[in-house]
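Taking it in order: structure first as structure tokens, then the write-up.
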Amino acid sequence: MNFLEFNDVTFTYPAVEGDLDENGKQVVPQPIFEHFTGNIPGAFTSVIGPNGCGKSTLMMLASGRLFPQTGKIYMFGQDIHKLDEEKKNLLASVIYQNMEFESNDKVEQLLTYVYSNGNLKAKAKGILGSGDLFSEVVDKFSLASVMNHGLTEISKGENQRVLLAFSLLYGSASVFMDEPLFAMEDNQKNSALEYLRSYSMGTKTPVFISMHELDLTRKYAEKVLLVKPNRDMAYGTPEEVMTNEELESAYGIPAAMLKHNESMTREQIMQQTQFFNKQ
């Protein structure tokens, strides 16, 4: 059984009232996916592709957070859009892009509550042989120094590390993460990805994570899902998918430039893309 199955899925975002074109007519959004059918296995998967290609939408559809206009999406053989919120959350945890906590609770209170009341019921062993999963996650995501801090008092990078811990301690059957690392220091990104990969492979939990750092994808991803602007996709190991030909086809700029994209801002990448598209 495939982890994810898309069956004739069409999805279009609703029109935004007052969004008019140059002629004063209502802008009608184009479909993000149109009659899309495909199977995606479960693995520690990095979802890559240029801005606007549909990565976030794909993950939100897969996790049941967005509903297609037509078609069906199955996760572990279940139609995820027919499940209630609790069952959906047990199948898939989601870290949204720029997600933040609005609670004034302490970090330790939140994580203890999630661990005790999620699927694991505070009874999970660490995957690295270091005792309980809770203490292992706190250690691997370097959270000891913020456990007694309020959720609204921590930095963006600290918030992201808490979210990573949250997603694992809840114990869902799969995890979807939309750019969950961008505010972290480089050493924190590497440490987090190394542990997330170990967790995913050790527990057989599919983890899908979108990020712009292609070097990190090459280093840590078990599998890569490359989404192109025309919605064509390539899936396989980093060596199979991240070829110069495939990357240039997706991003529209020379692969040599993409190799160093960790030092480029998103605005710079978009400017370079626009420049080469005009040539």
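- Atom NZ of Lys121 is surrounded by more than 12 heavy atoms from other residues, nucleotides or ligands within 6.0 Å.
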I would like to know whether Glu246 and Lys228 meet salt bridge (Lys or Arg N to Asp or Glu O under 4.0 Å); could you show each step before the answer?
CA-CA 9 Å; Glu246 287 283 13; Lys228 302 180 182 181; 2.6 Å; yes

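- A distance of 10.5 Å separates OG of Ser116 from NZ of Lys123, quoted to the nearest 0.5 Å.
- A pairwise comparison of heavy atoms in Ser198 and Leu128 identifies CB-CD2, 4.4 Å as the closest pair.
- Ring planes of Phe208 and Phe176: parallel class, angle under 30° (limits at 30 and 60°).
- Within the 4.5 Å cutoff, the side chain of Phe67 has no heavy atoms near those of the Leu61 side chain.
- Ala250 and Pro50 get closest at one heavy-atom pair: O-CG, 3.3 Å.
- Asn89 places a side-chain N or O within 3.5 Å of a backbone atom of Glu85 that can act as its donor or acceptor partner.
- Side-chain atoms of Glu136 do not come within 3.5 Å of backbone N or O of Leu133 as any donor-acceptor pair.
- The backbone N or O of Thr205 sits less than 3.5 Å from a side-chain atom of Ser200, completing a donor-acceptor pair.
- Here the closest heavy-atom approach between residue Gln160 and residue Ala183 is recorded as OE1-N, 3.0 Å.
- Here the side chains of Gln26 and Asp19 are in contact, with some heavy-atom distance below 4.5 Å.
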Stepwise salt bridge (Lys or Arg N to Asp or Glu O under 4.0 Å) test for Glu239 and Arg218:
CA-CA 8 Å; Glu239 294 76 19; Arg218 287 190 181 90; over 6 Å; no

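- Side-chain contact between Thr37 and Val9: absent, with no pair of heavy atoms (C-beta onward) separated by less than 4.5 Å.
- Every residue two or more places apart in sequence or in another chain was checked for a ring pair (Phe, Tyr, Trp, His ring centres under 6.0 Å) with Tyr220, and none qualifies.
- A ring-centre distance under 6.0 Å is not found for Tyr74 and Phe76.
- When side chains are defined from C-beta on, Glu108 does not count as touching Val138, because their heavy atoms never get closer than 4.5 Å.
- For the side chain to side chain contact (heavy atoms under 4.5 Å, CB included) criterion with Leu181, the lone passing option out of Met211, His212, Glu213 is Met211.
- Annotation: the span from Glu245 atom CD to Met242 atom CE amounts to 15.0 Å, rounded to 0.5 Å.
- Taken to the nearest 0.5 Å, the CD1 atom of Ile209 stands 12.5 Å off from the CZ atom of Arg197.
- Using a cut-off of 4.0 Å between Lys/Arg side-chain N and Asp/Glu carboxylate O, Lys140 and Glu194 are scored as not salt-bridged.
- Put simply, the side chain of Leu226 does not reach to within 4.5 Å of the side chain of Val47, judged on heavy atoms.
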Passes side chain to side chain contact (heavy atoms under 4.5 Å, CB included), Thr12 versus Val28? Steps please.
CA-CA 10 Å; Thr12 306; Val28 179; over 6 Å; no

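- Listed for the Lys55 side chain is a donor-acceptor partner under 3.5 Å among the backbone atoms of Gly49.
- Taking all atoms of both residues into account, the shortest heavy-atom contact from Lys223 to Thr237 is NZ-CG2, 3.8 Å.
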Passes ring-ring contact (aromatic ring centres under 6.0 Å, His included), Phe33 versus Phe11? Steps please.
CA-CA 5 Å; Phe33 294 100; Phe11 177 81; 8.0 Å; no

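- Separating the CE atom in Met59 from the CD atom in Gln97 is a distance of 8.5 Å, to the nearest 0.5 Å.
- Under the 3.5 Å distance criterion, the side-chain polar atoms of Asp21 are matched with a main-chain donor or acceptor of Asn23.
- Using a 4.5 Å heavy-atom cutoff, the side chains of Ser172 and Ser167 are not in contact.
- Side chains of Val107 and Leu151 form a contact here, defined as non-hydrogen atoms less than 4.5 Å apart.
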Give the intermediate values and the outcome of side chain to side chain contact (heavy atoms under 4.5 Å, CB included) for residues Tyr113 and Asp105.
CA-CA 11 Å; Tyr113 179 85; Asp105 290 343; over 6 Å; no

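- Under a 3.5 Å cut-off, the side chain of Arg65 and the backbone N or O of Ser63 do form a donor-acceptor pair.
- Between the side chain of Arg231 and the backbone N or O of Gly54, no donor-acceptor pair lies under 3.5 Å.
- With Arg161 contributing its side chain and Leu143 its backbone, the two residues share no donor-acceptor pair below 3.5 Å.
- Formation of a donor-acceptor pair under 3.5 Å by the Gln109 side chain with backbone atoms of Lys106 is found in this model.
- The side-chain heavy atoms of Leu168 and Leu164, taken from C-beta on, include no pair separated by under 4.5 Å.
- The environment of NZ in Lys156 is crowded: more than 12 heavy-atom neighbours from other residues, nucleotides or ligands sit within 6.0 Å.
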Take Thr203 and Ile127 through the test side chain to side chain contact (heavy atoms under 4.5 Å, CB included) and record every step on the way to the result.
CA-CA 8 Å; Thr203 62; Ile127 62 168; 3.7 Å; yes

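- Exactly one of Leu193, Asn190, Leu214 qualifies for a side chain to side chain contact (heavy atoms under 4.5 Å, CB included) with Lys219. That residue is Asn190.
- Of the candidates Tyr115, Tyr170, Phe141, Phe134 forms a ring-ring contact (aromatic ring centres under 6.0 Å, His included) with just one, namely Tyr115.
- Looking only at atom types and distance, the side chain of Ser210 has a donor-acceptor partner in the side chain of Asp178 under 3.5 Å away.
- In this structure, a donor-acceptor pair under 3.5 Å is present between the side chains of Tyr13 and Thr57.
- Neither side chain, Glu240 nor Tyr235, offers a donor N or O lying under 3.5 Å from an acceptor on the other.
- The OG atom of Ser155 sits 10.5 Å away from the NE2 atom of His149 when rounded to the nearest 0.5 Å.
- Minimum interatomic distance between Ala62 and Leu4 (heavy atoms only, all atoms of both residues): CB-CD1, 3.8 Å.
- The two residues Gly71 and Pro68 have their closest heavy-atom pair at O-CG, 4.0 Å.
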Quick one, Met233 with Leu58, criterion side chain to side chain contact (heavy atoms under 4.5 Å, CB included). Give me CA distance, side-chain angles, the key distance, then yes/no.
CA-CA 11 Å; Met233 300 182 195; Leu58 178 70; 4.2 Å; yes

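- A distance-only check finds a donor-acceptor pair linking the side chain of Ser174 to the backbone of Leu91 [under 3.5 Å].
- A distance of 10.0 Å separates CD1 in Ile40 from CE in Met75, rounded to the nearest 0.5 Å.
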